[in-house]
Amino acid sequence: MSARTCLTIVLAAGEGTRMRASRPKVLHAIGGRSLIAHVLAAVGAAGGAQAVVVGPGQGADQQALVAAVKAAMPSAELFVQGERRGTAHAVLAARPALARGADDVLVVFADTPLVTPQTLARLRAALARGAVVAVLGFRPADSTGYGRLIAGTDGALAAIREEKDATAEERAIGLCNAGLMALRGDAALAILERIGDDNAKREFYLTDAVAVARGLGWTAVALETGEDEVRGVNTQAQLAEAEEVLQRRLRAAAHDAGVSMVAPQTVHLSADTRLGRDVVIEPYVVFGPGVTVEDGAMIRSFSHLEGATVGRGARVGPFARLRPGARLDADVHVGNFVEVKEARLAAGAKANHLAYIGDASIGEGSNIGAGAITCNYDGAAKHRTEIGKGVFIGSNAALVAPVRIGDGAYVGTGSVITADVPADALALGRGRQVNKEGWAARLRRVVGAGKKLP
Ligand code: UD1
Ligand code: MG
């Protein structure tokens, strides 16, 4: 089995009009990853497959598709289906790849993102056992719009009938076509070329591969899978349904890996979220793409993380925001209403309340007071703030970057720091306090007498 070669053709030339969105359908994301990237990940994980993508070949959309495909699978080759004339026609757009020959040909839809590598392998295994066409079937709660799998008198698969072309009797069949298909490589072109467009939509249906193969005396088989794995995304509502299925899978995998989540249904994960052992995630946390949380760290409620690394034993939140480039080393504490962007906090550093730390580095064990801000942007460019080890930044300090605070220094509360602070120094960058004796009492007398303020 592993010795067999495979060509996987991913169809992505559909219009996606039902999404009512400017972005191409297959570039919409679930779990922070585009639909087509999910499909390519499954194809890659199934192993041994060379992948090609058939796209619509139009302007900016095509460029965006090419970029997404190259990022997900650099080796994937792209073909263009100029005119949209059906799924078999789309597969034939990859004719040069088909002509190169492969033992197995897999056809998958880019808008069916939840398919697993195991199922792709099952379809190929059916070919290895002698089938020429293997089709994936499922029993949807509502079969509207799906092709029906028609069994022959021998019990094997005889044909697939699209709903528009089906008789009432055929429509009553519960087993539907999921859309994925495997074809024996040396028969694929012969089958595809015999498919015509004599049907209600005057399209070249890939589904006719079954009847054509049977007509040539070859075997077609159907495998079955659950509905969740083959949910297609045609509308925003279906995108949300697919997201729900994916989230359930990701949460289950996190639980299996030893992550503690008491309200998993309120935690939103990304497909690439990496969570270590003994990680605790409180209710209502959002993980955008690119987050790693190391062993024993705790992410408290209402925190939002994206492109961030949280070190061993660190604590984040409640109500914290870690933006791309946030890197917290071991035992760092980032508390409520603290935002961290493109900044590293070394081991044991703390910013417990109300702070903005952007384009900065904070040394070991330093403490950032409530309301402290790195003023990293001067309206034109971003600048860095470098804070050493064991530094104490008083509450409400404004650190105007570029600026460096030496090891062990103190920055007084409310300071506006515009120049570097030497190690072990105290920096006071604020006006001197003035107390005016009796001033408030005089004010009350004036107002109490109904007079105007002096
Ligand atoms: C298809 C199947 C149907 C199955 C259903 C499962 C056919 C004829 N019908 O119907 O049996 O139950 O999927 O979801 O195959 N595409 C192209 N070029 C085209 C047409 C389609 O690239 O000219 C791509 C689309 O981008 C999409 C896929 O092929 O990824 C399926 O096309 P779609 O129009 O959604 O087919 P369905 O009507 O859903
Ligand atoms: Mg569809």
Side-chain angles (χ1 to χ4, degrees), residues 8-19 23-28 34-36 38-40 43 52-58 61-62 65 69 78-94 106-115 119 133 135-140 142-150 157 159-166 170-171 173-183 191-192 195-212 220 222 224-225 227-235 237-239 241-242:
T8 300
I9 301 175
V10 182
L11 300 190
E15 289 168 308
T17 44
R18 282 173 288 172
M19 294 297 283
R23 202 168 11 154
K25 175 168 82 173
V26 299
L27 298 186
H28 284 74
S34 68
L35 302 181
I36 190 157
H38 279 283
V39 172
L40 290 172
V43 169
V52 307
V53 174
V54 177
Q58 287 152 9
D61 284 2
Q62 173 73 1
L65 180 70
V69 168
L78 273 115
F79 291 93
V80 168
Q81 183 193 23
E83 230 187 322
R84 199 175 182 280
R85 300 203 55 203
T87 42
H89 183 259
V91 173
L92 279 172
L106 268 177
V107 180
V108 300
F109 294 168
D111 68 353
T112 308
L114 297 161
V115 68
T119 294
V133 178
V135 170
L136 190 62
F138 71 121
R139 297 177 191 275
D142 173 8
S143 18
T144 310
Y146 291 113
R148 307 298 201 279
L149 301 190
I150 317 281
L157 185 60
I160 304 176
R161 193 83 69 238
E162 288 307 295
E163 188 169 73
K164 282 205 166 89
D165 304 294
E170 287 167 341
R171 284 184 194 200
I173 296 171
L175 189 59
C176 291
N177 177 27
L180 287 85
M181 188 181 283
L183 300 152
I191 293 171
L192 291 163
I195 292 175
D197 64 353
D198 183 16
N199 52 55
K201 286 174 80 180
R202 302 228 69 83
E203 281 190 358
F204 296 89
Y205 288 163
L206 177 63
T207 43
D208 285 346
V210 172
V212 169
E224 219 179 302
T225 191
E227 179 168 18
D228 279 345
E229 189 185 354
V230 288
R231 281 179 189 280
V233 174
N234 299 302
T235 63
Q238 287 173 336
L239 184 71
E241 281 165 20

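Both ligands and their constituent atoms are indexed starting at 1 by order of listing.
Distance check: L136 CG to M181 CE gives 10.5 Å after rounding to the nearest 0.5 Å.
By the criterion of a heavy-atom distance under 4.0 Å, neither the backbone nor the side chain of C176 is placed next to ligand 1. If you look at H89 next to ligand 1, there are no close heavy atoms at all, none under 4.0 Å. Heavy atoms of Q81 found under 4.0 angstrom from ligand 1 belong exclusively to the side chain. With a heavy-atom cut-off of 4.0 Å, A13 touches ligand 1 through backbone and side chain alike.
At least one donor-acceptor pair under 3.5 Å links the side chain of K25 to the backbone N or O of V233.
For atom 36 (O) of ligand 1, the nearest protein heavy atom lies 4.0 Å away or farther.
The shortest N/O to N/O separation between G14 and ligand 1 falls below 3.5 Å. The shortest N or O to N or O distance between L206 and ligand 1 is not under 3.5 Å. For Y146, no nitrogen or oxygen atom sits less than 3.5 Å from a nitrogen or oxygen atom of ligand 1, counting backbone and side chain alike. At least one N or O atom of E162 sits closer than 3.5 Å to an N or O atom of ligand 1.
Counting protein heavy atoms only, atom 24 (C) of ligand 1 is closest to L11 CB, 3.8 Å. For atom 4 (C) of ligand 1, the closest non-hydrogen atom on the protein side is N177 O, 3.2 Å.
Annotation: side chain of L114 is not in contact with side chain of H38 (no heavy-atom distance under 4.5 Å). Contact of the E162 side chain with the N199 side chain is not registered, since no non-hydrogen atoms from C-beta on lie closer than 4.5 Å.
Interface atoms of ligand 1 facing T87, defined by a heavy-atom separation under 4.0 Å, are 7 (C), 8 (C), 15 (O), 20 (C), 21 (C), 29 (O), 31 (C), 32 (O). Close approach of ligand 1 to A90 is summarised as follows: ligand atoms under 4.0 Å from at least one heavy atom of the residue are 17 (C), 18 (N), 22 (O). Counting the atoms of ligand 1 from 1 in the order shown, those under 4.0 Å from a heavy atom of G147 are 3 (C), 4 (C), 11 (O), 12 (O).
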Would R139 and E227 count as a salt bridge (charged side-chain N to carboxylate O under 4.0 Å, His left out) if you check the C-alpha gap in whole Å, the side-chain angles of each, and the deciding distance to 0.1 Å?
CA-CA 7 Å; R139 297 177 191 275; E227 179 168 18; over 6 Å; no

